[in-house]
Colleague: 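Following this message is one structure expressed as structure tokens.
Count residues from 1 along the sequence. Start at 1 and go down the list; that is how both ligands and their atoms are numbered.
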Amino acid sequence: MVISKICCIGAGYVGGPTCSVMALKCPDIQITVVDRSTERIAQWNSDKLPIYEPGLDEVVRQCRNRNLFFSTDIEKAIQEAELIFISVNTPTKTYGNGRGRAADLKYVEGCARMIAEMSQNSKIVVEKSTVPVRAAESIMHILKANHKPGVKYDILSNPEFLAEGTAVEDLLKPDRVLIGGEQTPEGQAAIEKLCWVYEHWIPKKNIITTNTWSSELSKLAANAFLAQRISSINSLSAVCEATGADVSEVARAVGLDSRIGPKFLQASVGFGGSCFQKDILNLVYICEGLNLPEVAAYWQQVIDMNDYQKTRFSQKIIECLFNTVTDKRISILGFAFKKNTGDTRETPAIAVCRTLLDEGAQLNIYDPKVEPEQILADLTHPKVTESPEHVKRAVQIFADPYDAVRGTHALVVCTEWDEFVSLNYERIYASMMKPAYIFDGRKILPHERLQKIGFHVQTIGKRLLQQSHQQQQQQQQDPSVRPYPSHQTNGHGPLPANGDGPSAQA
Ligand SMILES: NC(=O)C1=CN([C@@H]2O[C@H](COP(=O)(O)OP(=O)(O)OC[C@H]3O[C@@H](n4cnc5c(N)ncnc54)[C@H](O)[C@@H]3O)[C@@H](O)[C@H]2O)C=CC1
Ligand SMILES: O=C(O)[C@H]1O[C@H](OP(=O)(O)OP(=O)(O)OC[C@H]2O[C@@H](n3ccc(=O)[nH]c3=O)[C@H](O)[C@@H]2O)[C@H](O)[C@@H](O)[C@@H]1O
């Protein structure tokens with residue numbers, strides 16, 4: 001056997017699912033996932049895993065304590081392993097040089113130092129964390145500086161491309177596995193060994209190998225390209241709202257060009273998640289360091305457009321609610337950064353909630369997978385508010401969507417959970433204050449049906465004409481009666497003030 005024991009440092013969203021699927025597909029390899037958080041390891045060893053991922057419970061159930069182990073004994077796992085994945089977090093730096101942009105490599109460096117200190121034989125060290133280009137050089141530097149006789153290291157880059165919510169699926173059938181290594185016989189031999197692990201379940205043609213720096217940069221580039229598509233379509237969503245074009249129709253028409261393709265063209269309130277923003281900021285920082293200001297500015301624009309989109313959506317809510325939300329109760333449906341995950345890192349919901357709270361609104365929040373403590377921790381974070389006590393008073397968290405919307409002036413969809421589509425909106429309408437507003441930040445709801453119920457509906461990238469109740473009744477009696485023309489303006493620009501006609505508040 002080429003490799004019999006693997007250690008993975010970091011039992012997070014990447015380390016946990018990646019090693020679980022690897023253990024499932026490589027029953028001949030013993031895989032130990034270690035973390036310095038005893039709490040996280042205890043959760044991985046319990047019935048309630050620390051992260052929600054469809055299908056993951058079953059994979060873990062099959063492999064745990066067979067060839068998959070979760071442990072806090074980092075030293076033992078490092079010593080026994082022939083191959084070590086570094087899968088720790090690499091957040092944006094919050095201090096010192098590069099603050100707010102550079103990736104903070106202190107956890108990766110910590111791993112390199114632990115490996116150097118604890119290893120008693122040679123290891124293949126694999127960067128799975130997303131890192132800046134040439135990070136492998138720093139790891140090698142630390143390992144070499146702590147050289148022990150008979151202990152040799154090979155460093156590989158093997159970035160992870162899984163997306164949360166579909167992690168198990170992505171790991172079982174990745175578009176590609178990327179392995180970068182040194183272009184030396186030893187480097188190539190190490191690459192071969194890691195290829196052997198993946199070949200247990202991934203066709204050889206889907207495993208591509210490159211030099212180390214290409215691999216590191218490709219990960220940042222892939223996330224930058226994906227986020228760029230979202231910012232591109234989101235920029236056009238503003239044009240759609242101002243002109244009467246429909247962003248879904250535009251995305252479909254554009255995406256049918258086989259050179260462009262249909263994926264990642266879903267306009268939204270903005271992208272979230274732990275990586276897109278962090279990795280692009282990191283790319284921008286690298287470009288500035290390389291004295292490539294034009295390139296840095298180009299990618300920075302992807303982030304700026306995302307911030308604009310989140311602000312634009314939040315402002316639209318306020319404008320539509322007669323330019324004031326002070327003391328109004330608003331329900332927020334969905335807090336996770338996307339459906340099928342409980343992760344709230346950089347979720348656009350935080351930006352929306354912050355703006356509404358700043359304007360004096362009171363919020364009722366419901367999300368099927370995010371823990372209430374997490375929502376409160378996010379909204380009382382010093383980056384979000386200077387007054388956590390005020391936030392605690394203004395925010396209520398609900399376990400049921402119908403309870404969350406009752407008595408509110410508006411309902412805001414921030415996450416595209418499937419269950420929101422099939423809620424009983426007649427029942428919701430009856431329980432809300434009137435006029436009742438819906439702001440669909442994910443374009444998932446049946447807008448025309450909601451309008452027929454009586455809601456005032458706003459969404460992203462589409463100007464919805466709101467008929468008054470009277471107009472609706474007239475139209476039901478005489479279908480030839482048309483709603484008011486689409487060029488109505490409201491004094492705030494070309495968009496109707498709340499998608500409403502002159503008698504909207506009638
Ligand atoms: N979350 C995602 O979907 C993806 C993340 N990535 C990248 O993978 C890396 C990990 O991300 P996540 O799993 O989301 O992070 P995470 O924050 O969920 O997990 C990281 C874990 O590493 C542990 N850790 C940190 N330093 C340690 C040390 N010295 N010894 C032992 N444990 C230590 C932490 O306690 C934590 O449990 C990041 O670089 C990220 O950019 C890549 C692809 C997808
Ligand atoms: O490096 C990472 O962490 C990962 O980042 C993303 O995965 P993830 O952030 O988990 O989820 P995505 O599906 O990419 O969604 C990111 C955000 O973009 C939003 N999005 C996505 C697609 C789209 O068309 N429109 C849109 O607004 C989502 O709602 C979400 O807020 C990438 O898709 C993964 O390949 C990558 O491994």
Side-chain angles (χ1 to χ4, degrees), residues 7-19 33-41 43-44 50-51 53 70-72 74-75 77-78 85-92 103-115 127-132 135 158-167 170-171 174-176 219-220 222-227 229-234 237 247 251 255 262-280 282 306 309-310 334 336-341 343-349 414-416 441-444 460:
C7 161
C8 171
I9 310 177
Y13 285 88
V14 168
T18 307
C19 289
V33 187
V34 293
D35 203 292
R36 60 180 180 186
S37 159
T38 42
E39 194 194 339
R40 235 182 191 182
I41 291 298
Q43 287 173 318
W44 279 110
I51 62 175
E53 267 303 332
F70 295 96
S71 167
T72 47
I74 301 178
E75 182 160 3
I78 287 180
F85 285 110
I86 297 181
S87 196
V88 296
N89 36 332
T90 49
T92 304
D104 191 344
L105 292 181
K106 70 178 175 207
Y107 304 109
V108 171
E109 185 178 326
C111 291
R113 291 187 186 280
M114 284 193 310
I115 295 168
E127 288 173 345
K128 190 154 264 305
S129 298
T130 304
V131 290
N158 172 220
E160 183 49 60
F161 296 102
L162 70 79
E164 287 177 33
T166 52
D170 295 342
L171 289 161
D175 287 347
R176 78 312 207 177
K219 172 63 196 177
L220 297 182
N223 274 359
F225 268 64
L226 289 168
R229 282 174 73 95
I230 303 170
S231 277
S232 296
I233 199 72
N234 280 346
S237 73
V247 76
K263 293 184 183 166
F264 268 68
L265 289 179
Q266 179 72 32
S268 66
V269 51
F271 61 73
S274 63
C275 293
F276 279 175
Q277 174 161 312
K278 144 179 106 63
D279 293 347
I280 296 173
N282 184 7
N306 198 47
Q309 188 75 349
K310 289 184 278 188
F337 81 95
K338 64 186 277 197
K339 72 173 179 179
N340 293 336
T341 177
D343 194 351
T344 62
R345 291 178 290 179
E346 300 297 337
T347 176
C414 284
T415 313
E416 73 280 24
R442 293 293 186 162
K443 297 199 305 95
I444 53 167
I460 303 274

Colleague: Could you tell me if any non-hydrogen atom of Gly110 lies under 4.0 Å from any atom of ligand 1?
Modeller: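 It does not; every heavy atom stays at 4.0 Å or beyond.
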Colleague: Looking at Glu164 and Arg345, is any side-chain nitrogen of the basic one under 4.0 Å from a carboxylate oxygen of the acidic one?
Modeller: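 Judged by the 4.0 Å cut-off on N to carboxylate O distance, Arg345 and Glu164 do form a salt bridge.
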Colleague: Heavy-atom distances under 4.0 Å are what count here, so tell me which part of Arg36 touches ligand 1: side chain, backbone, both or neither.
Modeller: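 Both the backbone and the side chain of Arg36 come within reach of ligand 1.
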Colleague: For atom 22 (O) of ligand 1, which protein heavy atom lies nearest, and how many Å away is it?
Modeller: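 Scanning the protein heavy atoms, the shortest distance from atom 22 (O) of ligand 1 goes to Gly10 CA, 3.4 Å.
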Colleague: To the nearest 0.5 Å, tell me how far Asn234 CG sits from Asn306 CG.
Modeller: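 So the gap between those two atoms works out to 7.0 Å.
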Colleague: Heavy atoms only: give me the nearest Thr130-Thr90 pair and the separation to one decimal.
Modeller: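 Taking Thr130 first and Thr90 second, the nearest heavy atoms are O-OG1, 2.8 Å.
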Colleague: Considering Val88, Thr72, Val14 one by one, which has a heavy atom nearer to atom 9 (C) of ligand 1 than any of the others?
Modeller: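 The residue whose heavy atom sits nearest atom 9 (C) of ligand 1 is Val88.
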Colleague: Just to confirm my output: which protein heavy-atom neighbour is closest to atom 3 (O) of ligand 1, and how far is it?
Modeller: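 Sorting protein heavy atoms by distance from atom 3 (O) of ligand 1 puts Glu164 OE2, 3.2 Å first.
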Colleague: Given Thr130, Ile86, Leu105, identify the one with the heavy atom nearest to atom 42 (C) of ligand 1.
Modeller: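 Shortest heavy-atom distance from atom 42 (C) of ligand 1: Thr130.
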Colleague: Please report the closest heavy-atom contact between Val34 and Cys7, naming both atoms and the distance.
Modeller: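 Closest approach of Val34 to Cys7: CG2-SG, 4.0 Å.
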Colleague: Which heavy atom of Ala11 sits nearest a heavy atom of Asp35, and at what distance?
Modeller: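 Taking every non-hydrogen atom into account, N-OD2, 2.7 Å.
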Colleague: Show the atoms of ligand 1 that are less than 4.0 angstrom away from any heavy atom in Leu162.
Modeller: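 Per the distance check, 3 (O), 44 (C).
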Colleague: Any atoms of ligand 1 less than 4.0 Å from a non-hydrogen atom of Lys219? List them with their elements.
Modeller: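 Taking each heavy atom of Lys219 in turn, ligand 1 has 43 (C) under 4.0 Å.
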Colleague: Which label fits Phe276 and Phe271: parallel for a plane angle under 30°, tilted from 30 to 60°, or perpendicular past 60°?
Modeller: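 Ring orientation of Phe276 relative to Phe271: perpendicular.
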Colleague: In ligand 1, which numbered atoms sit nearer than 4.0 Å to a non-hydrogen atom of Met114?
Modeller: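 Result: 29 (N), 30 (N).
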Colleague: Under the rule for side-chain hydrogen bond (donor to acceptor under 3.5 Å, both in side chains), what residues qualify as partners of Asn89, not counting sequence neighbours?
Modeller: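 Asn89 satisfies side-chain hydrogen bond (donor to acceptor under 3.5 Å, both in side chains) with no residue once adjacent residues are dropped.
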Colleague: Nearest 0.5 Å, please: how far is CZ in Phe85 from CG in Asn158?
Modeller: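 Asn158 atom CG to Phe85 atom CZ measures 5.5 Å (nearest 0.5 Å).
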Colleague: Determine, step by step, whether Tyr107 and Ile9 satisfy the side chain to side chain contact (heavy atoms under 4.5 Å, CB included) criterion, reporting the C-alpha distance in whole Å, the side-chain angles of both residues, the deciding distance to 0.1 Å, and the verdict.
Modeller: CA-CA 10 Å; Tyr107 304 109; Ile9 310 177; over 6 Å; no
Colleague: Please compare Lys278, Glu160, Glu39, Glu53 and report which has the shortest non-hydrogen distance to atom 40 (C) of ligand 1.
Modeller: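 Checking each option, the heavy atom nearest atom 40 (C) of ligand 1 is found in Lys278.
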Colleague: What protein heavy atom sits nearest atom 12 (P) of ligand 1, and how far off is it?
Modeller: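 For atom 12 (P) of ligand 1, the nearest protein heavy atom comes out as Tyr13 N, 3.9 Å.
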Colleague: Applying a heavy-atom cut-off of 4.0 Å, say which part of Cys275 lies close to ligand 1: side chain, backbone, both or neither.
Modeller: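 Near ligand 1, Cys275 shows its side chain, while the N, CA, C and O stay back.
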Colleague: Of the side chain and backbone of Ser274, name the one, both, or neither that has a heavy atom under 4.0 Å from an atom of ligand 1.
Modeller: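 Looking at Ser274 and ligand 1, just side chain atoms fall under 4.0 Å.
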Colleague: Just to be sure I'm reading this right: ignoring hydrogens, which of Asp35, Asp170, Asp279 gets closest to atom 36 (C) of ligand 1? Compare them by their nearest heavy atoms.
Modeller: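 Answer by nearest heavy atom: Asp35.
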Colleague: Tell me the protein heavy atom at minimum distance from atom 17 (O) of ligand 1, and give that distance in Å.
Modeller: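 Protein heavy atom with the smallest distance to atom 17 (O) of ligand 1: Asn89 CB, 3.6 Å.
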Colleague: Check each atom of ligand 1 against the heavy atoms of Thr90 and keep those under 4.0 Å away; list them by number with element.
Modeller: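 So the answer, numbered in order with elements, is 38 (C), 39 (O), 41 (O).
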Colleague: Between Gly334 and Cys414, which heavy-atom pair has the shortest distance, and what is it?
Modeller: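 Where Gly334 meets Cys414 most closely, the heavy atoms are O-CB, 3.3 Å.
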Colleague: Taking NZ, NE, NH1 and NH2 as the nitrogens, is one of them in Glu160 or Lys128 under 4.0 Å from a carboxylate oxygen of the other?
Modeller: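 Lys128 and Glu160: salt-bridged.
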Colleague: Roughly how far, to the nearest 0.5 Å, is CG of Leu171 from OG1 of Thr18?
Modeller: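 Answer for the OG1-CG pair, Thr18 versus Leu171, is 5.0 Å.
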Colleague: Shortest non-hydrogen contact from Gly165 to Thr341?
Modeller: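 The pair with the smallest heavy-atom distance is N-CB, 4.5 Å.
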Colleague: By side-chain hydrogen bond (donor to acceptor under 3.5 Å, both in side chains), which residues pair with Glu109, not counting sequence neighbours?
Modeller: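 Expected list: Arg113.
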Colleague: Among protein heavy atoms, which lies nearest atom 16 (P) of ligand 1, and at what distance?
Modeller: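 Its nearest protein heavy-atom neighbour is Arg40 NH1, 3.6 Å.
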Colleague: Any protein N or O within less than 3.5 Å of an N or O in ligand 2? List each pair with its distance, or say none.
Modeller:
unit_1: ligand 2; atom_1: 1 (O); unit_2: Lys219; atom_2: NZ; d: 2.8
unit_1: ligand 2; atom_1: 1 (O); unit_2: Asn223; atom_2: ND2; d: 2.8
unit_1: ligand 2; atom_1: 10 (O); unit_2: Glu164; atom_2: N; d: 2.8
unit_1: ligand 2; atom_1: 11 (O); unit_2: Lys338; atom_2: NZ; d: 3.2
unit_1: ligand 2; atom_1: 13 (O); unit_2: Lys338; atom_2: NZ; d: 2.7
unit_1: ligand 2; atom_1: 24 (O); unit_2: Leu265; atom_2: N; d: 3.4
unit_1: ligand 2; atom_1: 24 (O); unit_2: Gln266; atom_2: N; d: 2.9
unit_1: ligand 2; atom_1: 25 (N); unit_2: Gln266; atom_2: O; d: 2.8
unit_1: ligand 2; atom_1: 27 (O); unit_2: Ser268; atom_2: OG; d: 2.6
unit_1: ligand 2; atom_1: 29 (O); unit_2: Arg442; atom_2: NH1; d: 2.7
unit_1: ligand 2; atom_1: 31 (O); unit_2: Gly272; atom_2: N; d: 2.9
unit_1: ligand 2; atom_1: 31 (O); unit_2: Phe337; atom_2: O; d: 2.7
unit_1: ligand 2; atom_1: 35 (O); unit_2: Phe161; atom_2: O; d: 2.7
unit_1: ligand 2; atom_1: 37 (O); unit_2: Glu160; atom_2: O; d: 3.4
unit_1: ligand 2; atom_1: 37 (O); unit_2: Phe161; atom_2: O; d: 3.2
unit_1: ligand 2; atom_1: 37 (O); unit_2: Leu162; atom_2: O; d: 2.7
unit_1: ligand 2; atom_1: 37 (O); unit_2: Lys219; atom_2: NZ; d: 2.9

Colleague: Run the side-chain hydrogen bond (donor to acceptor under 3.5 Å, both in side chains) test against Lys443 and tell me which residues pass, sequence neighbours left out.
Modeller: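 Once residues adjacent in sequence are excluded, the partners of Lys443 under the side-chain hydrogen bond (donor to acceptor under 3.5 Å, both in side chains) criterion are Ser248.
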Colleague: N/O to N/O below 3.5 Å, does that happen between Arg345 and ligand 1?
Modeller: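 Yes - when backbone and side-chain N and O of Arg345 are compared with those of ligand 1, one distance drops under 3.5 Å.
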Colleague: Atoms of ligand 1 less than 4.0 Å from Gly12 heavy atoms?
Modeller: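 Answer for ligand 1: 13 (O), 16 (P), 18 (O), 19 (O).
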